[in-house]
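Take a look at the structure below.
Just so we're on the same page: letters track the sequence lines, and every chain starts at 1.
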Protein chains: 2
Amino acid sequence: MTMSNTGGRRKPPTIHDVARVAGVSRGTVSRVLNGGHYVSPAAQEAVNAAIRKTGYVVNRHARSLITGRSDSIGFLLTEPQEKLFEDPNFNVLLRCCTQALAAHDIPLLLMLAGTEDERRRITRYITAGHVDGVLLVSSHSCDPVADELHEAGVPVVQCGKPMGLGSKVSYVAADDRGGARDMVRHLLSLGRRRIGVVSGPLDTPGGVDRLAGYKEVLGEAGVEIDERLIVSGDYSRASGEAGAERLLARAPDMDAVFVASDLMAQGALTALRRAGRRVPEDVSVGGFDDSVAATESTPALTTIRQPYDRISAEMVRVLLAQIGGDDPAAVILPTELVRRDST
Amino acid sequence: MTMSNTGGRRKPPTIHDVARVAGVSRGTVSRVLNGGHYVSPAAQEAVNAAIRKTGYVVNRHARSLITGRSDSIGFLLTEPQEKLFEDPNFNVLLRCCTQALAAHDIPLLLMLAGTEDERRRITRYITAGHVDGVLLVSSHSCDPVADELHEAGVPVVQCGKPMGLGSKVSYVAADDRGGARDMVRHLLSLGRRRIGVVSGPLDTPGGVDRLAGYKEVLGEAGVEIDERLIVSGDYSRASGEAGAERLLARAPDMDAVFVASDLMAQGALTALRRAGRRVPEDVSVGGFDDSVAATESTPALTTIRQPYDRISAEMVRVLLAQIGGDDPAAVILPTELVRRDST
DNA sequence: CTGTGCTCTGTGAGCGTTCACAGTAGAGAA
DNA sequence: TTCTCTACTGTGAACGCTCACAGAGCACAG
C-alpha cells in the first residue's frame, strides 16, 4: 500500500501520521516521545509499533522552535587551528566529546574561530541560541570568549583551568601540579639530582602549575632549585629542542629533565642526541601528555598520562548538568605516570 | 529604554520586532533577509538598521521548519576513528571543510559512525532530513553507506574515488595515478632502476591506482617489472616498516622505493636505517601525501602533495551544487611532487 | 479612459512539534 | 449515590519563520 522509498527524497512521516496509524492523538505520541509519563501501556506499545512501521523520526526543528532548546552543542576552538589540529591531544578530545554526546543523541557542531571575523560570527550564532551549550578548547585557556558567553547566559565548559581566578566558568582539567610532582618524584627516585625543566608557557595555568609541581617536590626533597636548570617553551617540538640546548649550555651536569609536553620532549631528545648524551643512561627524560608522540619517539617517552577520555566525558557531563540548571563546576582529574624507556 | 542584556538568557528578538522597529511588515524583513529582491532601497535600509539595533539573528529552526532545509551539513566518518584521527590528512580535511562551509554560513555536524549501532542511528538522522547533505570520509572508500544515502536522495560527496564503478555518488579525489607516475619518473630521473614499491591496500582505489602508476611508468621506460620489488601495506607506519624489510630481503639490490603513504615511508626509513642503508645515498625513498609526517622524519621525505585544501573546497562546492539541484560530479585534482632530502 | 505590466508591500496560512488545559473514565472514600 | 483523586487522552494555541497571494501604486501603451 505504501509507496516505494527508493530514489528522491520523500516527505517524511510526521507525528500526525504516527498518531493516525497508532489510533491515538498527537499529544499521546508526543508524550511517548518525551519519556512516556502518563501514557497507558497499550498506547505506549501502539505508538512504538507505529513509529517502527512508519519509520518516523522526530523533526528537531519543529521541536526546537517550541522548546527553545536546540538539542545540539558546539565544540568551539578559538586558537589558530593549524596548531591545534596537529596536536594529537586535541583530536582525542574532539573524538571523545563527539562520542559522549552521541550517547545522548546530541549532535556536535564544530566551530573554528581563528580570525576575529569568525569569532564574531560564531559568538552571534551561539548567543542567538542555536546551540544549548559550548565545549570550549583554547590553548591559552584564558580566552575572554569563555566569560563573554557565560555572561550572555550560555552554558560553557572549558577544557583546562582558566587563567583568571575571577572567572566563574566551568572547567575540566587534568591535575597538572600533581602530574608534575609525580614525574619529578620519579626522577628523584632514580637517583637523579640535577633535574632540569622545560616548562610550558608561563602565561597559561598548565605551564605555571607544572613548574610549581617541579619546584615543590625539589624543595620537599631538599634539592637546591637552580635557575639555570629552568627554561620554558611553548609546547612545540622546536621549543623543546631549543630549551634542552639552553639547559645543556647552562648546566652541562644535568642528569635528568622534565619536559612539560611530549612534543617538546621529542625536541629535547633530538638536542640531547646531538649533544652526545645518551637517554636514559646519561640523562633521564620525562614528558607530559602521553600523546602518540610519546610512543613514536626513540626511546619511547616516560610521561604523565592526561586522561583525555575522562576529561571529555566530564566536560560533557558538566555541560549537560549546567544546561539542566546546575551551577558551574570545576573538575580536576588525576594523572598517571607511564613508564617507558626514556627514564 | 532597552533592558541591559547581561546575565541570564533573554528572549531574542524576532522578525516581528525587527518589522516593528523598521516600520515595515514581516514579509519585507523576510525578503531583505533572503536576498533583498523586490525591496525598495528605503525599506532595505530601514530593515538593516533595525536588525543592527535589535541585534536580531534569524531563528534557523523556524526557517528550517518551513523551508525543509536544515542549512547544515554532516561530516561523516565511517571508519574506526582512532585510526583516522591519527591521520594528519584527515585533520586537514576536517578543518578545511569546516572553514569552507563557514564561508557559506553553514554549520558542520561531526558524525562518527564506528559501530554498527552508530551507523544506524546516524543514517536515520541523516535520512530524516536533519542535514542537507553529507561529506563522507572513509578510508575504504567503498563504503556502502555512500550508495545508501544517495539512494535515499541525500546529496553526498565522498572523499576519494569509490571502488565500484557502478556508483553514481559524487567524489573528489587527488590524481593517485598521476602522482605515482610523477614520483616514479622522478626516481628514474635520478638514475635509479631497481625501484621497489610499498603500495597501499589493493582493495582501495587509491592503492590500486598508485600501483598502476608505478607499473605504467616503469613499462614506458622499458624497465623490467620485478614482482619481488612489489609489496603492499595498509598505510600504517608499521606496515611500511615491514614492507621495506620484505623488499630488502627479496631484492637486496633495491636502489629506490616508492612508498604509497608518508606514514609508511617513515616506517620504511626505520627499516632501511636498521639494514644499514643510507637514505638517499644508497636508497632513494619517495612518499605520498605530504602530511606533516613528511617533514618530521629524518631525512625529510620527498613526497607527492595531495592538495587537501583544494579537495575540501571542491567537496563543499560539489555538495552545495548538488543540494542546489545539480547532478553528481566527479573531480580529480592534480598532485604535486615535493622534493626534500630523501631522494 | 482602460488595460497591462512592473515594482513593491502586507497578510494569512501553515511548517511539525510541545505545552497547557480541559475533559473522561474508573477507583475508592464519604 | 456523590464527590474527589488519579491516570490517561485529545485539542487548540502557540513557536518564528517563509511562501503564495492579493493588492497598491505607478508608468506607459493602446
Note to self: Pairing donors with acceptors under 3.5 angstrom, does anything connect the side chains of A:D147 and A:S167?
What the structure shows: yes
Item checked: Sole residue of A:T78, A:L77, A:V157, A:L149 in side-chain contact (heavy atoms from CB on, under 4.5 Å) with A:L136 -> A:T78
Next item on the list: Of all the heavy-atom pairs spanning B:L112 and B:I122, show the shortest one and how long it is.
Entry: O-CD1, 3.4 Å
Item checked: DNA chain D contacts among residues 54-70 of chain A, heavy-atom distance under 4.0 Å -> A:L65, A:I66
Checklist line | Salt-bridge present (B:R121, B:E118; N to O < 4.0 Å) | finding: no
Next item on the list: Can you tell me the distance, in whole Å, between the NE2 atom of B:H37 and the P atom of C:dT9?
Entry: 14 Å
Next item on the list: Please report, rounded to the nearest Å, how far the C1' atom of C:dC21 is from the OH atom of A:Y38.
Entry: 14 Å
Check: Between atom CG in A:N34 and atom C1' in C:dC19, what is the gap in whole Å?
Finding: 10 Å
Item checked: Interatomic distance where CD1 belongs to B:I15 and P belongs to D:dC19 [whole Å] -> 11 Å
Item checked: B:H16 NE2 - C:dG10 C1' separation (whole Å) -> 11 Å
Notebook entry, point to check: Counting only distance, no hydrogens or angles, is the base of D:dT11 paired donor-acceptor with the side chain of A:R26 under 3.5 Å?
Noted result: no
Check: Quick one: do B:K168 and B:D327 make a salt bridge, cutoff under 4.0 Å?
Finding: no
Next item on the list: Evaluate the ring planes of B:H130 and B:Y125, with Trp represented by its six-membered ring, and classify them as parallel (under 30°), tilted (30 to 60°) or perpendicular (over 60°).
Entry: tilted
Next item on the list: Quickly work out the B:L33 CG to D:dG16 P distance and round it to whole Å.
Entry: 15 Å
Check: What is the distance from NE2 of B:H130 to P of C:dG16, rounded to the nearest Å?
Finding: 12 Å
Notebook entry, point to check: Just checking, is any N or O donor in the side chain of A:S138 or A:Q158 under 3.5 Å from an acceptor N or O on the other one?
Noted result: no
Note to self: Checking contacts here: which listed nucleotide (D:dA7, C:dT18, C:dT9) is nearest the side-chain heavy atoms of B:T28?
What the structure shows: C:dT9
Item checked: Nucleotide of D:dG16, C:dT18, C:dC8 approaching B:S40 most closely (side-chain heavy atoms) -> C:dC8
Margin query: If the cut-off is 4.0 Å, is A:T14 near the phosphate of C:dG16, judged by side-chain N/O to OP1 or OP2?
Written below: no
Item checked: Between P of D:dG16 and CZ of B:R31, the distance in whole Å -> 21 Å
